[in-house]
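What follows is a set of notes on a single structure, which appears directly below.
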Amino acid sequence: MFNYWLIKSEPTTYSIDQLKRDGFSTWEGVRNFQARNYMRDVMKVGDLALFYHSNEKPPGVAGVCRICKEAFPDFTAWNPESPYYDPRATSEKPIWVMVEVEFVEKFPSLVTLDTLKRHPELQDLYILRSRSRLSIIPLEKKHFEIIRALGRQEARLLHVQ
DNA sequence: GCCAACGTTGGC
DNA sequence: GCCAACGTTGGC
């Protein structure tokens, strides 16, 4: 039984296009306990995740990736040179974890936050709450599939709606 | 263990 | 660039 996720990244930091080029990538730098716990305790190899571009105009879901390696220590936390440095973390007590994701698909058109907000079946989602800050968000399968179906539509069809 | 202050996220 | 929301910290 797989889980479904939405994971956020600022495309200036790491985008779906970079993941497509790279094929797979570590997902480091998560510095929120709830998000860490989801990665550490729940995420499994094979889980699918929507790749959300935050802090972009417009923000939205850009594609899909798959978890290909389960949680392991986020070593960027104990590197003073890293923007994700956390002086409390050590190799003995890593505090933070990361996973690895692999590229699955890029949608022909971004599913914008605005589109999600307008969709009648997506009204209760955490990501639609104003300034929801969690960067790793569990989704129900049906919500994942609705959003993926929106993403797979041609851009021109979305504009007609 | 409460809660004010602070820092960050992220839509606008 | 603004600023509301909210997770986290730290004084008490």
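Chain letters run A, B, ... following the sequence lines, proteins first and then strands; every chain starts at 1. Keep in mind that what you see is a predicted model, and the values were worked out from it rather than measured.
Of the listed nucleotides (dC12(B), dG7(C), dT8(B)), dG7(C) has the atom at the smallest distance from the side chain of Asn32(A). Taking every side-chain heavy atom of Arg129(A) into account, dC6(C) is the closest of dC12(B), dC6(C), dT8(C).
If you check the side chains of Ser15(A) and Asp17(A), you find no donor sitting under 3.5 Å from an acceptor. Tyr14(A) and Asp22(A) are linked by a side-chain donor-acceptor pair at a separation below 3.5 angstrom, with hydrogens and angles left out of the test.
In this model, the phosphate group of dT9(B) is not approached by any side-chain N or O of Lys8(A) to a distance below 4.0 Å at OP1 or OP2. In this model, the phosphate group of dT9(B) is not approached by any side-chain N or O of Tyr52(A) to a distance below 4.0 Å at OP1 or OP2. Contact between the side-chain N/O atoms of Lys117(A) and the OP1/OP2 oxygens of dC12(B) is found at a separation under 4.0 Å. Distances shown here put a side-chain N or O of Arg88(A) below 4.0 Å from the OP1 or OP2 atom of dT9(C).
The CD1 atom of Ile136(A) sits 16 Å away from the C1' atom of dG10(B) (whole-angstrom rounding). The nearest whole Å value for the distance from the CD atom in Gln34(A) to the P atom in dG7(C) is 7 Å. For Arg133(A) and dG7(B), the CZ to C1' distance is 8 Å, given to the nearest whole Å. Residue Leu110(A) contributes atom CG, which lies 11 Å from atom P of dG11(B) at whole-angstrom precision. As a whole-Å value, the separation of Asp86(A) CG from dG7(C) C1' is 14 Å. Taking atom CH2 of Trp96(A) as the reference point, atom P of dG7(C) lies 13 Å away to the nearest angstrom. In this structure, CZ of Arg36(A) is placed 15 Å from P of dG7(C), rounded to the nearest angstrom. Following rounding to the nearest Å, Ile95(A) (CD1) and dG7(C) (P) show an atom-to-atom distance of 19 Å.
Counting any heavy atom pair closer than 4.0 Å across all strands shown, Ser132(A) reaches sugar-phosphate atoms only and no base atom. Counting any heavy atom pair closer than 4.0 Å across all strands shown, Asn55(A) reaches a base atom.
Note: Phe51(A) and His53(A) have perpendicular aromatic rings, judged against thresholds of 30 and 60 degrees for the angle between ring planes.
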Name every donor-acceptor pair, under 3.5 Å, that has one atom in a side chain of residues 78-87 of chain A and the other anywhere in the protein, sequence neighbours excluded.
{"unit_1": "Asn79(A)", "atom_1": "OD1", "unit_2": "Glu81(A)", "atom_2": "N", "d": "2.9"}
{"unit_1": "Ser82(A)", "atom_1": "OG", "unit_2": "Tyr84(A)", "atom_2": "N", "d": "2.9"}
{"unit_1": "Asp86(A)", "atom_1": "OD1", "unit_2": "Arg88(A)", "atom_2": "N", "d": "3.0"}
{"unit_1": "Asp86(A)", "atom_1": "OD1", "unit_2": "Arg88(A)", "atom_2": "NE", "d": "3.1"}
{"unit_1": "Asp86(A)", "atom_1": "OD2", "unit_2": "Arg88(A)", "atom_2": "NE", "d": "3.4"}
{"unit_1": "Asp86(A)", "atom_1": "OD2", "unit_2": "Arg88(A)", "atom_2": "NH2", "d": "2.9"}
{"unit_1": "Asp86(A)", "atom_1": "OD2", "unit_2": "Trp96(A)", "atom_2": "NE1", "d": "2.8"}

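A cation-pi contact links Lys69(A) to Phe72(A), judged by a cut-off of 6.0 Å to the six-membered ring centre and 45° from its axis.
Put simply, the side chain of Arg31(A) and the base of dT8(B) share no donor and acceptor less than 3.5 Å apart.
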